[in-house]
Amino acid sequence: MNFEAVLCGNPRKIKKVVLGEKEISITDFIAVTNYDAMVEFDDIYTMRVTNSHNNLNEALLSSKKIYGVNTGLGDNWNKSIDLQVQNKLQKNILRSHAVAVGNPISYEETRAIMMMTLISLGRGFSGVSIETLESVKKLLNAKIYPFAPGEGSVGYLSIEAHIYRVMIGEGKVFENNQLVDCKEVLKEKGLKIPILKSKEGLALISGTMSVTAIALLATYSIYEDLKNIQIGSAMSIEGLKGSLNEFSDNVMNLKSHSEQAEAAINIKRMLAGSKNLEKNSELRVQDALSIRTLPQMIGALNRVFKETLESVYEEMISVSDNPILMKEKGQMNVYMNGNFDASYVSLHMDYLVIAVTNFVNTIERITNRFLDTKLSGFPPFLVNSPGINNGLMIVHYTMAGLLNEMKLLTNPVNINNSSMSAEQEDVVTFAFLSSKKALTVSKKFKEIIAIWFFVCKGGLGFIESNELSPTIKKMVSVMEQTVPSVVEDRPFYDDLVKIKKLLNQGILINEIEEHIGEIKIDLNI
């Protein structure tokens with residue numbers, strides 16, 4: 001599979017995403033969740049869903065027990081549900097499962113879960129009706145933001161139930177930052193309340209949909225910074241007068257990790273033409289590990305990212321519902337299966353969090369070297385009048401605080417277990433927590449990178465601009481237009497916000513790639 005293709009393009013520029021014959025990309029997914037692209041179904045999508053719904057109706061004509069359709073849930077699997085009350089069961093599932101607590105999940109997270117619902121149930125093995133999925137689509141396209149508390153999920157069920165109670169006219173939504181009864185908003189938007197059919201309440205809250213949805217947000221967020229960390233590394237080497245001898249192709253090729261060699265090439269291209277590095281090439285016998293091992297550290301993070309990308313995307317395009325319906329050799333089969341298990345995603349979310357936090361250890365040590373006058377040769381805390389001015393002393397504290405929060409989140413989730421539902425569900429991955437913490441870490445990562453760039457810029461300001469490589473000189477100039485040099489103390493929070501905006505909008509990446517060409521990152525394993 002070409003994983004570069006699944007992250008190709010700019011999601012801000014995508015205005016419509018069609019589900020059906022063509023496999024959706026992660027860029028398409030982010031266009032819907034983060035930038036409100038409209039969703040449409042093609043004829044293939046409608047046909048798959050309709051055929052699956054017909055398959056369910058055919059299966060119900062037999063005497064076969066179908067979990068959550070004509071039986072109860074969990075340890076109630078042995079309780080039969082009469083035909084005339086099966087639809088009531090589906091509504092009761094949403095009501096009884098809507099027991100999450102705490103602060104609500106974000107607008108983007110809610111949209112991500114709804115989008116994953118359309119992707120997963122639209123594959124044509126879940127038995128839901130096209131009318132119900134049309135209702136989910138209309139919620140998305142109308143930009144309705146259901147209230148769904150974000151704590152208390154073991155992997156699925158409760159948070160989804162809060163979201164889809166809105167669809168049946170029973171939940172609450174955010175309107176102008178206020179919580180209001182959903183019926184008013186649905187009426188205002190012209191959205192009809194669907195009647196849930198057999199299996200639909202269960203299908204809307206089952207599977208790995210929430211786990212995968214949040215994992216996709218986290219994965220894409222970290223993807224946005226894979227090039228930024230290579231830019232930050234080049235600025236760090238320039239500012240701290242590191243040696244590029246250790247980055248030679250011959251040295252890199254002694255290790256069989258292509259990501260390491262790729263990072264070294266990217267960094268050297270950005271530092272080409274640096275008079276500063278040339279005249280300081282004999283400054284030290286060897287650099288500190290935080291500088292000398294940057295290609296290795298970046299390479300390791302990129303490898304973990306690629307493995308995570310593969311796992312999360314494969315889950316995205318998979319069927320994770322239970323039960324599923326398949327017509328095989330003319331016979332209708334119903335499988336009460338375990339595809340809802342989210343171990344693939346959970347393990348890789350744990351892995352990615354560890355890899356990111358591991359690299360932030362390096363960023364923090366580099367930041368310390370810039371701010372320590374004995375290590376950098378720059379004025380203390382990168383300000384010309386230290387003492388009366390504190391300079392960038394405390395931004396390092398902020399970074400350290402964020403880093404140590406990230407370290408707390410590196411504790412793996414997937415090894416936990418609590419047996420529930422009277423031992424019917426006796427092994428639970430708690431995968432939602434893995435995705436949730438990965439998204440949290442991805443946001444802290446962006447804050448740390450902004451601090452890193454701010455500190456690098458401050459240090460580079462003490463080097464004659466004509467001594468810098470042309471690429472780094474350009475980078476400093478672009479940042480300087482938004483964030484001026486530090487002459488005396490000011491509220492640096494504002495500076496960090498501005499730098500983070502430059503990073504998030506890809507402005508610095510675009511400037512560099514216009515100058516030296518693409519910062520190459522091969523996403524294929």
Trainee: Check for a donor-acceptor pair, side chain of Asp372 on one end and backbone N or O of Asn368 on the other, with a separation under 3.5 Å.
Mentor: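 No, because the side chain of Asp372 does not come within donor-acceptor range (under 3.5 Å) of the backbone of Asn368.
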Trainee: Within the structure provided, determine whether Val486 and Leu382 are in side-chain contact (heavy-atom separation under 4.5 Å).
Mentor: no
Trainee: Do Asn34 and Glu108 have side-chain N/O donor and acceptor atoms under 3.5 Å apart?
Mentor: no
Trainee: Side chains of His348 and Glu310: any donor to acceptor distance under 3.5 Å?
Mentor: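 Absent: no donor and acceptor within the cut-off.
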Trainee: Students often mix this up, so state it plainly: with edges at 30° and 60°, are the rings of Phe378 and Phe370 parallel, tilted or perpendicular?
Mentor: parallel
Trainee: Between Ile394 and Phe381, does the side-chain contact (heavy atoms from CB on, under 4.5 Å) criterion hold? Intermediate values first, please.
Mentor: CA-CA 9 Å; Ile394 306 302; Phe381 307 110; over 6 Å; no
Trainee: For residues 236-243, tabulate all N or O donor-acceptor pairs below 3.5 Å that involve a side-chain atom, not counting sequence neighbours.
Mentor:
unit_1 : atom_1 : unit_2 : atom_2 : d
Ser236 : OG     : Gly232 : O      : 2.8
Ser236 : OG     : Trp452 : NE1    : 2.9
Glu238 : OE1    : Ser274 : OG     : 2.6
Glu238 : OE1    : Asn276 : ND2    : 2.9
Glu238 : OE2    : Ser274 : OG     : 3.3
Glu238 : OE2    : Ser469 : N      : 2.8
Ser243 : OG     : Asn245 : N      : 3.1
Ser243 : OG     : Glu246 : OE1    : 3.2

Trainee: Indicate the atoms forming the closest heavy-atom contact of Ser233 with Leu294, along with that distance.
Mentor: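 The answer is OG-CD2, 3.5 Å.
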Trainee: Could you check whether any side-chain heavy atom of Met114 comes within less than 4.5 Å of a side-chain heavy atom of Ile119, counting everything from C-beta outward?
Mentor: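 Met114 vs Ile119: side chains apart.
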Trainee: Which value, rounded to the nearest 0.5 Å, describes the distance between Thr27 atom OG1 and Asn10 atom CG?
Mentor: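 Rounded to the nearest 0.5 Å, the OG1-CG separation comes out at 8.5 Å.
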Trainee: Please determine whether side chain to side chain donor-acceptor pair (under 3.5 Å) holds for the pair Asn339 and Ser320, giving the CA-CA distance in whole Å, both sets of side-chain angles, and the decisive distance to 0.1 Å.
Mentor: CA-CA 5 Å; Asn339 275 354; Ser320 63; over 6 Å; no
Trainee: State whether a side-chain donor-acceptor pair under 3.5 Å links Asp225 with Asn228.
Mentor: yes
Trainee: Between the side chains of Lys137 and Glu40, is the shortest nitrogen-to-carboxylate-oxygen separation below 4.0 Å, so that they form an ion pair?
Mentor: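 Result for this pair is no, no salt bridge flagged.
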Trainee: Determine whether the side chains of Glu364 and Thr367 contain a donor N or O and an acceptor N or O closer than 3.5 Å.
Mentor: no
Trainee: Rounded at 0.5 Å granularity, tell me how far OH in Tyr223 sits from OG in Ser442.
Mentor: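 Here the interatomic distance stands at 15.0 Å.
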Trainee: Minimum heavy-atom separation for Ile516 and Arg269, please, with both atom names.
Mentor: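 The answer is O-NH2, 2.6 Å.
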Trainee: Can you check whether Gly338's main-chain N or O pairs, donor with acceptor, with Asp341's side chain at less than 3.5 Å?
Mentor: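 No.
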Trainee: Would a 4.5 Å heavy-atom cut-off, applied to side chains only, mark Arg369 and Ser376 as touching?
Mentor: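 Counting from C-beta outward, Arg369 and Ser376 never come under 4.5 Å.
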Trainee: Can Lys22 and Asp42 be said to form a salt bridge (charged side-chain N to carboxylate O under 4.0 Å, His left out), step by step?
Mentor: CA-CA 9 Å; Lys22 182 184 175 184; Asp42 67 13; over 6 Å; no
Trainee: Set out, in order, the CA-CA distance, both residues' side-chain angles and the distance that settles side-chain contact (heavy atoms from CB on, under 4.5 Å) for Gln230 and Asn302, then state yes or no.
Mentor: CA-CA 11 Å; Gln230 303 201 37; Asn302 285 358; 3.8 Å; yes
Trainee: Do the charged groups of Lys474 and Glu514 touch, with an N to O distance under 4.0 Å?
Mentor: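 No, this pair does not count.
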Trainee: Can you measure from CG (Leu439) to CD1 (Ile222) and round to the nearest 0.5 angstrom?
Mentor: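 Rounded to the nearest 0.5 Å, the CG-CD1 separation comes to 9.0 Å.
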Trainee: Step by step, would you call Gln296 with His257 a side chain to side chain donor-acceptor pair (under 3.5 Å)?
Mentor: CA-CA 9 Å; Gln296 289 83 355; His257 301 306; over 6 Å; no
Trainee: Please list, one pair per line, the donor and acceptor atoms closer than 3.5 Å that link side chains of residues 11-21 to other protein atoms, with sequence neighbours excluded.
Mentor:
unit_1 : atom_1 : unit_2 : atom_2 : d
Arg12  : NH2    : Tyr35  : OH     : 3.4
Arg12  : NH2    : Asn504 : O      : 3.0
Lys15  : NZ     : Arg12  : O      : 3.3

Trainee: Taking side-chain contact (heavy atoms from CB on, under 4.5 Å) as the criterion, tell me which of Thr110, Val173, Leu139 meets it with Tyr145.
Mentor: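 Of Thr110, Val173, Leu139, side-chain contact (heavy atoms from CB on, under 4.5 Å) with Tyr145 is met by Thr110 alone.
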Trainee: Do the side chains of Asp287 and Arg284 get close enough for a salt bridge, i.e. N-O under 4.0 angstrom?
Mentor: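 So Asp287 pairs with Arg284 through a salt bridge.
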Trainee: How close do Ser434 and Val413 get, heavy atom to heavy atom, and via which atoms?
Mentor: OG-CB, 3.1 Å
Trainee: To the nearest 0.5 Å, tell me how far Ser290 OG sits from Ile366 CD1.
Mentor: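 That separation rounds to 5.0 Å.
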Trainee: Taking C-beta and beyond as the side chain, do Met349 and Lys437 meet within less than 4.5 Å on heavy atoms?
Mentor: no
Trainee: Answer whether the closest heavy-atom distance between the side chains of Glu151 and Ile159 falls below 4.5 Å.
Mentor: no
Trainee: Does Glu467 pair with Lys473 as a salt bridge, N-O distance under 4.0 Å?
Mentor: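 Judged by the 4.0 Å cut-off on N to carboxylate O distance, Glu467 and Lys473 do not form a salt bridge.
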Trainee: Taking the side chain as every heavy atom from C-beta outward, state whether Ile229 and Phe445 have any pair of such atoms under 4.5 Å apart.
Mentor: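 When only atoms from C-beta onward are counted, Phe445 and Ile229 do touch, with a gap below 4.5 Å.
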Trainee: Ion pair present between Glu480 and Lys457, side-chain N to carboxylate O less than 4.0 angstrom?
Mentor: yes
Trainee: Within the structure provided, determine whether Met475 and Met270 are in side-chain contact (heavy-atom separation under 4.5 Å).
Mentor: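 Of all side-chain heavy-atom pairs linking Met270 with Met475, none is under 4.5 Å.
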Trainee: If we count only N and O atoms by modelled type, under 3.5 Å, do the side chains of Glu160 and Ser210 hold a donor and an acceptor together?
Mentor: yes
Trainee: Restricting to pairs with a member in residues 250-267, which pass salt bridge (charged side-chain N to carboxylate O under 4.0 Å, His left out), not counting sequence neighbours?
Mentor: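 Found Glu259-Arg303, Glu259-Lys306.
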Trainee: Side-chain donor-acceptor pair under 3.5 Å between His515 and Thr471, yes or no?
Mentor: yes
Trainee: Can you confirm whether the side chains of Thr208 and Glu315 place a donor and an acceptor under 3.5 Å from each other?
Mentor: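 Yes - a donor-acceptor pair under 3.5 Å links their side chains.
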Trainee: Tabulate below the donor-acceptor pairs under 3.5 Å that side-chain atoms of residues 517-525 make, not counting sequence neighbours, or state none.
Mentor:
unit_1 : atom_1 : unit_2 : atom_2 : d
Lys520 : NZ     : Glu4   : OE2    : 3.3
Asp522 : OD1    : Asn524 : N      : 3.0
Asn524 : OD1    : Phe3   : N      : 2.8

Trainee: Would you find more than 12 non-hydrogen atoms of other residues, nucleotides or ligands less than 6.0 Å from Phe41 atom CZ?
Mentor: yes
Trainee: What pairs with Phe247 under ring-ring contact (aromatic ring centres under 6.0 Å, His included), at least two apart in sequence or on another chain?
Mentor: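 Partners of Phe247 under the ring-ring contact (aromatic ring centres under 6.0 Å, His included) test: none.
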Trainee: Search all heavy atoms of Ser318 against all heavy atoms of Ser120 and return the closest pair with its distance.
Mentor: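 That closest heavy-atom pairing would be O-OG, 4.3 Å.
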Trainee: For the pair Ser435 (side chain) and Phe432 (backbone), establish whether a donor and an acceptor sit closer than 3.5 Å, ignoring hydrogens and angles.
Mentor: no
Trainee: Between Glu23 and Arg123, does any NZ, NE, NH1 or NH2 come within less than 4.0 Å of an OD or OE carboxylate oxygen?
Mentor: yes
Trainee: What's the spacing between Met116 CE and Ile214 CD1 if we round to 0.5 Å?
Mentor: 11.0 Å
Trainee: Is any side-chain heavy atom of Thr308 less than 4.5 Å from a side-chain heavy atom of Val304?
Mentor: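 With C-beta onward as the side chain, the pair touches.
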Trainee: Provide the full list of side chain to side chain donor-acceptor pair (under 3.5 Å) pairs with a residue in residues 378-390, sequence neighbours left out, each pair given once.
Mentor: Asn390-Asp489
Trainee: Under 3.5 Å, is there a donor on one side chain and an acceptor on the other for Ser248 and Asn250?
Mentor: no
Trainee: Are Arg111 and Asp36 within salt-bridge range, i.e. N to O under 4.0 Å?
Mentor: yes
Trainee: Could you state the interatomic distance from CZ (Phe359) to CD1 (Ile448), rounded to the nearest 0.5 Å?
Mentor: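 The distance works out to 11.0 Å.
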